[in-house]
Amino acid sequence: QVYLVESGGGSVQAGGSLSLSCEFTKYVELSHCMGWFRQAPGKEREGIAAIDTYGGTNYVDSVEGRFTISKDKSKNTLYLQMNSLKPEDSGKFYCAANWAAVGGGCAAAVVGEFEWRGRGTQVTVSS
């Protein structure tokens, strides 16, 4: 059974922090790639952070140094710690998983194309 459920979104002022969580089933934990993508109204999905089954992480340039992805296998939970938030970070954030590696790896930029995703949690950053 596959499910991913995000939580932790909300509203924050620019410069603030938020921490997102994504609970997933044990089956999803076996997937090779997991990550986060976001989507703002009228815009396409933007993959932002990924983690592979070995714990390797990568980020797109726009969030590098500000966001941190991590996974706790004992809790079947994926996290995204977001610091120094900017208004342009606003959008609906989704966690996603892909059974196999994509193009030989788990690139943050393609997380929006992963086969499994949750329903998302809204993040709003005001200036």
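- Contact detail for P87 and S126: the closest heavy-atom pair is CG-C, 4.4 Å.
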For a quick test of your reading: what N or O donor-acceptor pairs under 3.5 Å do the side chains of residues 99-122 make, sequence neighbours left out?
unit_1 : atom_1 : unit_2 : atom_2 : d
E115   : OE2    : W99    : N      : 2.7
R117   : NH2    : F114   : O      : 3.2
T121   : OG1    : G9     : N      : 3.1
Q122   : NE2    : G91    : O      : 3.3

**OP:** Could you check V123 against M82 for side-chain contact (heavy atoms from CB on, under 4.5 Å), going step by step and ending with a plain yes or no?
**Re:** CA-CA 10 Å; V123 171; M82 304 186 293; 3.9 Å; yes
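- In this structure, OG1 in T77 is found 12.5 Å from CG in L20, a value given to the nearest 0.5 Å.
- Connection of W36 to V60 is established within a shared hydrophobic cluster, with ILVMFWY side chains joined at heavy-atom distances below 4.5 Å, either directly or through further cluster members.
- Nearest approach of C95 to E6, heavy atoms of both residues: N-OE2, 2.9 Å.
- V5 pairs by the side chain to side chain contact (heavy atoms under 4.5 Å, CB included) definition with Y3, not counting sequence neighbours.
- Rounding to the nearest 0.5 angstrom, the gap separating the OH atom in Y79 from the CD atom in E23 is 8.0 Å.
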Original post:
What do the steps show when you test K86 against V125 for side-chain contact (heavy atoms from CB on, under 4.5 Å), and what is the final call?
Top reply: CA-CA 6 Å; K86 305 174 182 179; V125 184; 5.5 Å; no
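- For the atom pair S11 OG and L85 CG, the distance stands at 11.5 Å (nearest 0.5 Å).
- Residues F93 and L78 share a hydrophobic cluster, clusters being chains of Ile/Leu/Val/Met/Phe/Trp/Tyr side chains in contact below 4.5 Å.
- By the rule that hydrophobic residues join a cluster once side-chain heavy atoms approach within less than 4.5 Å of another member, F37 and L18 end up as members of separate clusters.
- When every heavy atom of Q39 is checked against every heavy atom of K43, the shortest pair comes out as NE2-O, 3.0 Å.
- Rounding to the nearest 0.5 Å gives a distance of 9.5 Å between CZ of F67 and OG of S17.
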Subject >> Derivation of the side-chain contact (heavy atoms from CB on, under 4.5 Å) call for Y94 and K92 >> reply: CA-CA 7 Å; Y94 300 81; K92 199 163 188 179; 3.3 Å; yes
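- Of all heavy-atom pairs spanning K71 and E29, the tightest one is NZ-O, 4.5 Å.
- Contact record, C22 with L4: SG-CB, 3.8 Å, taken as the closest heavy-atom pair.
- Among pairs with a residue in residues 52-62, those fulfilling side-chain hydrogen bond (donor to acceptor under 3.5 Å, both in side chains) read E46-S62, at least two apart in sequence or across chains.
- The CE atom of M34 lies 8.0 Å from the CD1 atom of I69; values are rounded to the nearest 0.5 Å.
- Side-chain contact, N98 with S31: no donor N or O sits under 3.5 Å from an acceptor N or O.
- Closest heavy-atom contact between R66 and S84: NH1-O, 2.9 Å.
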